[in-house]
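The sequence lines fix the lettering, A, B, ..., with proteins before strands; numbering per chain opens at 1. Computed from a prediction, not measured in an experiment: that's the story for all the values here.
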Protein chains: 2
Amino acid sequence: MNKRFNNPSIKDIAREAGVAISTVSNVINKKGIVGTETEKKVLKALEKIQYRPNIIARGLRTRSTSTIAIIVQDIVNPYTSHVIKGMEEVARKRGYTLLIACTYYDIREEKKQIDVFLDQFVDGFVFLGGYDNQGVVRRVYDRGIPLVSVDREIDDPDIPYVLIDNLEAMKKAVDYLCSFGHKKIGYVTFRFEYQSTSRNRYLGYCKGLEENHIDYDPEIVIIDDYMKLNETEGTFEVVSKFLKKGALPTAFACISDVNAFGLVKALKAEGIKIPQEVSVIGFDNISFSNFMEPPLTTIKQPKKLMGATAMNLLLDMVEKKKVENKNIKLPTVLLERDSVGPPPK
Amino acid sequence: MNKRFNNPSIKDIAREAGVAISTVSNVINKKGIVGTETEKKVLKALEKIQYRPNIIARGLRTRSTSTIAIIVQDIVNPYTSHVIKGMEEVARKRGYTLLIACTYYDIREEKKQIDVFLDQFVDGFVFLGGYDNQGVVRRVYDRGIPLVSVDREIDDPDIPYVLIDNLEAMKKAVDYLCSFGHKKIGYVTFRFEYQSTSRNRYLGYCKGLEENHIDYDPEIVIIDDYMKLNETEGTFEVVSKFLKKGALPTAFACISDVNAFGLVKALKAEGIKIPQEVSVIGFDNISFSNFMEPPLTTIKQPKKLMGATAMNLLLDMVEKKKVENKNIKLPTVLLERDSVGPPPK
DNA sequence: CCCTTTAAAAAAAACGTTTTTATTGCTATT
DNA sequence: AATAGCAATAAAAACGTTTTTTTTAAAGGG
């Protein structure tokens with residue numbers, strides 16, 4: 001179509017240097033045997049003519065395009081975007097570009113996107129926070145294309161992953177609340193049937209209660225069906241409803257900061273003081289949690305590091321480097337801020 | 001490399017249907033003349049063999065790959081990610097995938113990224129919120145590749161854009177403050193020399209003052225050099241420093257919500273009540289602004305709509321449809337919440 | 001009945017690489 | 001002196017499409 005903008009090709013270099021095309025290719029890719037004299041000629045020609053290899057043509061031959069596909073559920077999510085940032089920096093440094101697709105929690109959409117990416121010969125996949133959907137991931141794996149799952153433990157020993165220990169981290173949060181003397185600790189979560197992260201945090205909550213000899217009380221486990229609205233709004237609504245019933249615990253653990261925001265807003269709307277009357281601990285440490293009032297005590301996830309780690313792992317696999325460990329769990333930190341205190345007397 | 005996963009090609013279809021390759025191609029692309037009988041045969045073969053065209057091969061021939069490159073400064077930004085979401089949805093619906101790259105405010109990085117994308121034969125570019133850097137954008141334009149600038153007014157009549165009227169919108173904010181009787185209105189901004197959006201908002205602030213017969217006072221224009229930290233942190237610091245000096249205005253207009261958060265936090269840290277002592281108005285309406293305390297009055301940008309509009313415009317250009325208007329300004333709305341009130345007596 | 005036109009289909013070229021195979025010229029070996 | 005081996009290079013094939021060109025067969029015109 002825009003012929004007039006035709007880039008110089010390897011052919012032009014070959015003509016300029018007076019050698020064969022294959023020789024130029026060998027020089028560029030440092031393959032095969034080329035004499036030092038000829039190499040010099042080619043290099044000079046490359047210098048003179050401003051040449052950039054046609055990645056599409058190369059991709060057709062080599063079946064690799066130096067691109068990595070990222071599949072996320074929703075790009076509008078402070079957690080997600082930080083992880084992506086970590087991936088992006090590593091990918092770029094190592095010479096890859098990122099194709100990003102969002103599934104918006106639709107499993108058919110996910111499948112379609114993957115097919116498109118397979119058509120495009122991406123070199124690898126990152127699945128960031130999807131469902132526990134072995135099938136679709138397995139399909140990619142079975143084609144022999146490297147992939148990494150981030151923030152999801154896929155129930156398939158072959159699939160590499162990068163995560164935090166969600167169970168342990170949430171238990172840590174509950175332990176922390178207990179250390180202040182809380183005996184009645186509620187939990188705010190969105191639905192957790194479909195993915196390991198939420199499930200494990202929930203299990204961490206349960207284990208925390210158990211180890212601290214507190215009985216589990218389903219009455220104070222608030223489940224936000226977050227498909228309806230954004231998570232903060234949704235939590236605000238469902239918590240507001242909950243508060244009408246009374247039965248208030250002295251502390252809440254939240255599955256994420258975003259949900260904690262909704263909880264806090266609902267509590268404040270009822271005139272409940274934090275942390276004097278109710279303590280709140282979040283999870284993720286997204287940037288605003290330090291700017292709400294009171295600053296939110298939370299479990300910090302190493303978001304950028306997770307992204308960077310995942311991308312390095314993936315690219316090592318793409319480049320067939322030896323990787324020692326394909327199952328990586330990164331550490332979390334409890335950030336003490338001002339939303340947790342002792343229970344009221 | 002993974003030969004064993006070889007997809008069926010157009011050749012296989014041709015063999016199955018007993019026709020020539022070119023005929024199959026014609027059927028697939030609905031081009032040329034094929035008899036109804038042969039067409040049926042091909043269609044049947046396509047049905048039988050699960051065929052997906054090789055996009056790379058097609059791209060090599062047609063020089064188009066159904067991908068769009070998005071260049072942003074930083075993906076970790078609530079504004080940015082919402083705009084991207086709008087673009088993503090449209091692109092997907094129209095059969096394109098998105099390549100995303102971040103420049104992190106580095107102009108050389110931007111140039112490098114663009115070169116990579118040009119190598120990859122992307123069909124179009126979106127420049128989302130970069131510098132007023134005609135050169136690099138112009139280079140793309142001159143290669144005949146469609147592009148759209150979002151949230152930046154590029155000083156080049158050829159370059160299509162999608163924006164809001166930043167000057168008018170900020171003036172609206174100042175007018176709103178004045179309607180409460182404020183006479184001393186400060187402004188919080190990051191550095192605005194390098195890009196049109198910030199500059200125009202600043203001009204809107206100035207115009208707002210002028211039309212309301214208020215003298216411009218450089219003492220109460222607070223400039224945050226946001227390159228140092230994240231914007232909220234940066235603003236918090238610079239405002240805190242400012243507050244030590246006294247000379248407090250009764251209201252502030254902010255270049256963005258993110259900066260407003262920093263301002264509000266700094267004010268609260270000094271025990272200053274909002275809006276009783278100082279009013280604050282933000283810009284953007286990112287989701288958290290409704291959850292801070294007090295909920296932030298702000299100018300709402302149609303973020304998703306901007307993204308969707310830009311992508312539709314771009315794809316129309318890519319597909320050589322006729323586009324009537326390549327310079328689009330979308331409307332803003334002032335959201336009245338609780339951070340603005342009358343000045344103290 | 002031959003020539004021209006036309007519709008339909010097939011064949012071939014092209015896109016720009018990488019990779020495989022072939023050629024060349026030389027040296028060493030027998 | 002013929003041949004094997006080797007290094008260096010060139011030539012050709014291949015990747016899977018689209019597009020251009022050629023071929024085929026049938027119809028129409030004089």
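Of the possible polar contacts, none joining the Ser81(A) side chain to the Val76(B) backbone as a donor-acceptor pair under 3.5 Å is found. Put simply, the side chain of Gln73(A) gets close to the backbone of Gly129(A): a donor and an acceptor are under 3.5 Å apart. Counting only distance, with no hydrogens or angles, the side chain of Asp123(A) and the backbone of Thr65(A) share a donor-acceptor pair below 3.5 Å.
For Thr23(A) and dT9(D), the shortest distance from a side-chain N or O to OP1 or OP2 is not below 4.0 Å.
Leu43(A) pairs by the side-chain contact (heavy atoms from CB on, under 4.5 Å) definition with Val27(A), Glu39(A), Leu46(A), not counting sequence neighbours. For Thr309(A), the side-chain contact (heavy atoms from CB on, under 4.5 Å) partners are Val162(A), Leu305(A), Ile328(A), Leu330(A), not counting sequence neighbours. Qualifying side-chain contact (heavy atoms from CB on, under 4.5 Å) partners for Val116(B), counting only residues two or more places apart in sequence or in other chains: Thr97(A), Gln120(B).
Bending across the helix from dC1(C)-dG30(D) to dT30(C)-dA1(D), expressed as the angle between its end axes from five pairs apiece, amounts to 80° (10° rounding).
Contacts of Ile33(B) with the nucleic acid, taken as non-hydrogen atoms under 4.0 Å apart, involve only primed sugar atoms and P, OP1 or OP2.
The stretch residues 86-95 of chain B participates, sequence neighbours left out, in these salt bridge (Lys or Arg N to Asp or Glu O under 4.0 Å) pairs: Glu109(A)-Arg92(B), Glu88(B)-Arg92(B), Glu89(B)-Lys304(B), Arg94(B)-Asp316(B), Arg94(B)-Glu319(B).
When the P atom of dA10(C) is taken as reference, atom CZ of Arg15(B) falls 14 Å away, rounded to whole Å.
A salt bridge between Lys326(B) and Asp158(B) is absent, with no side-chain N of the basic residue lying under 4.0 Å from a carboxylate O of the acidic one.
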Q) If the sugar-phosphate is the primed atoms plus P, OP1 and OP2 and the base is the rest, what is the B/S/- string for nucleotides 16-26 of chain C, using protein heavy atoms under 4.0 Å? A) BBBB-------
